[in-house]
Amino acid sequence: MQDYLKGLNEPQLEAVTHINGPLMIVAGAGSGKTKVLTTRIAHLMAHGIDSFNILALTFTNKAAAEMKERVEKILGNTEARNLYIGTFHSVFARLLRAEAHRLGYPANFTIYDTDDSRSVIKTVVNELNLDDKHYKPNIVGSRISAAKNALMTPAEYALDHFIQQEDMRANRPAIAQIYAAYASRCFKNGAMDFDDLLLKMYEVLKHFPDALHKYQHKFKYIMIDEYQDTNPVQYQIAKLLAAVHENICVVGDDAQSIYSFRGATIENILQFQKDYDDVKVVKLEQNYRSSKNIIHVANEVIRNNKGQIPKNLWTDNAEGDKIRLVRTMTDNDEGRFVADTIQEQKLRNHYLNRDFAILYRTNAQSRSFEESLRRMGIPYRIYGGVSFYQRKEIKDFLAYLRVIINTKDEEALKRIINYPVRGIGKTTIEKCVIIANEQNIPMFDVLTRAAEFGFKAGTLEALQNFVTMIRYFQSLLTEKNAYDVAVQVGKHTNIVKELFNDKTTEGLARYENIQELLNSIKEWIESPANEDGEVGNKSLGAYLQQITLLTDADDDKENSDVVKLMTIHAAKGLEFGCVFVAGVEESLFPSGMAINTREELEEERRLFYVAVTRAKQRLWLTYANSRYRFGQLVQNEPSRFIDEMPEQYIDKSYAGGGARNSTGFDQRFGGFGAAPARKAPVSRQPSKPEYLPPAPPNKVVEHKPSIDFVASDVSALQAGQEVEHQKFGFGRIVAIEGSNHNPIATIQFQLNGEKKIMLNYAKLRIVE
DNA sequence: GCTCACGAAATTTTT
DNA sequence: TTTCGTGAGC
């Protein structure tokens, strides 16, 4: 047996060694799904399948990167770089660069993120003389998105009886019209939104048999991760691509389907067996992640859902602690409880910051945790706020690059035409837009031909100067790389200088962000492969396309020792030693927006299932009697999901109803009936995604070495190992750097923070 | 064309 | 409570 097959359990082995024909892997939470996927890819290659013929699709860049890395590790060579591993969006964006011309798009089409897309909708709504208060971009946008994900064209949308009735009932009859206008505007701008990356890929395959043939024979082996989250477009694409060879392997867990609001249909996984003859089904039911108590609770709660794929998740792990249910008076008390408990657990059970995650239903809940953690000096990072690339100054700067690459990109053009100020005012811009619409030409062409349209001399000059500048940047493209062009943009437009001279705090931050952006472009240029593995294409166009598909979860500083705060959605696929699920209250979790139908409620329950199964050893569920929402105090009942958990796995001693004790809990957290403790008005710091407490002073918290302290041989020391230092105490290796002769370990000590230790001199005892 | 002040809306989840 | 957009005024 090959080495890489060792250590797989029986169903895992079965899945990995199935080579030809359709395969469905039902992978319970924590059942080694990624291991199976990556090992299977390695196995395919070991059996002579060319890496160029394998396609693996995921939902997040992170999952894709991890997969690629692990395959590379198993194989021990660079063959893995030829694999097509990436998110649906990034892989299709890459293919569309080569194919979009068939549909009339430029190869350098722009990718609109949600903000861009909403902004186009707003423009279009106004141009149609509709009220954008009533036709809110978000509402309209999600209708359009749903239509696209269901493969519905504007014409079909307008003719669909059910849809039209829905829109009439909501008093928004013009959405069909807006959809049509939006689609043609995006096309005119040479731009695709996120949904288009899927939809246009589908159209290419559907309408161009030679393209379909090409990719069917290129991707002889297809794997799809998180199949329960695929939507109809993704489903159809997969079906088309797999039609010839039928070597399609899907992996998923119907119990973790949590993206129906984004068009995902759980039916795809439930029906997979009917789509192909002779589907092999493998169930991975052994959980390697969590304690017995956690698994039991998760199983019991999810049982309340109907129509699942039958499965029995079990574990050999220890029974573990009971799940702790905690009730507090207010959301602030909830924050304080969590921060206190983290501190206590760190001391008592030797956890590091990074072993903790605080999970919540909505991003807005992060505030109370931020405040308490900061007050306790516990470093944390919030995932899923505004991504770096969505910040205004970054988007403004990128807009230049976008226009240089694609002058038809009107969204970008409007951002920069008068930034920095160059005397092209609102009136002029409006006039340009109107002319562009009348003549049906791109707005940039109005600028280049400004002389024809009777602008005043001063305005005309300003417009022409702008065009000249853009043309100059474009002329650099042939000989300069993306970074050099970006630097020129920063210089020539005066953006960098202007921000540099702005000495306010925000100005300083903006300046730093631009510098960071430039650095990241440079880094990208120098990296061997792009995110999705496209080697060699370092053009500015390629850079822009992949940048739009990045989220802030992707630039993960995996090694930093911080508590992680994120929504449950963002936590899918991750695991932590200790998990707090916060705000387990009716109307918050399950969300008040999602309790109107059985389907919605079941999705909330699956979300709860996902939350619970993130925990390895310890799990807390917290809820507050009252919390601030819209600045108003509201009272919530405990979540119905709490009632669905069997008592025997729950420790309710902090939940109010049970025996109360003398731990001081009541005083600290308000207990029953106490007036909601309004905290003294703390000067509110701007919410930053990351907080690192000031470096601890050089004062060392004394550590008494263990009685059996013997220095270990540290020559094979690796990141992740736990060690004891005679003076600094217990800690975990973060990284080993330095040369072979003089290795330096970065160690995160529990009591003394992060230190760099020279291994040639220090005496360390390896604990694990 | 920019700044300030006021009022209204916001909170479900995201590639 | 905070953020965002609008409109008046400079």
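This one's a predicted model, so the numbers in the text were calculated from it and none came from an experiment. Proteins get letters first, then strands, A, B, ... in listed order; numbering begins at 1 in each.
We find that CG of A/D195 is positioned 16 Å from P of B/dT14, with the value rounded to whole Å. Rounding to whole angstrom units, CD of residue A/Q228 and P of B/dT13 are separated by 20 Å. Protein atom CG of A/D131 is 11 Å distant from nucleotide atom P of C/dT6, rounded to whole Å. Atom pair A/D116:CG and B/dT14:P shows a separation of 19 Å (rounding to whole Å applied).
A gap of 15 Å separates the P atoms of C/dC4 and B/dT13, to the nearest Å.
Checking A/Y380 against A/R374 by side-chain atom types alone, a donor-acceptor pair falls below 3.5 Å.
With B/dT15, B/dT12, C/dT2 as the choices, the nucleotide that has an atom nearest any side-chain atom of A/E604 turns out to be B/dT12. Nearest to the side-chain atoms of A/T362 among the listed nucleotides C/dT6, B/dT15, B/dT13 stands B/dT13. The listed nucleotides are B/dT11, C/dT6, B/dT14; the one nearest the side chain of A/R629 is B/dT11. Proximity note for A/T567 (side chain, C-beta onward) versus B/dG1, B/dT13, B/dT12: the nearest is B/dT13. Between B/dA10, B/dT11, B/dG1, one nucleotide has an atom nearer to the side chain of A/N418 than all others, and that is B/dG1. Closest to the side chain of A/R262, from the set B/dT14, C/dT6, B/dT12, is B/dT14.
Looking at A/R361, its side chain comes within 3.5 Å of the base of B/dT13 through a donor and an acceptor atom.
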>> What verdict does the ring-ring contact (aromatic ring centres under 6.0 Å, His included) test give for A/F261 and A/H569, after you've listed the backbone C-alpha separation in whole Å, the side-chain angles of each residue and the deciding distance to 0.1 Å?
In response: CA-CA 12 Å; A/F261 70 94; A/H569 282 86; 5.7 Å; yes
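Take A/R262 and apply the salt bridge (Lys or Arg N to Asp or Glu O under 4.0 Å) test, not counting sequence neighbours, and it matches no residue.
Heavy atoms from other residues, nucleotides or ligands lying under 6.0 Å from CD of A/E166 number more than 12.
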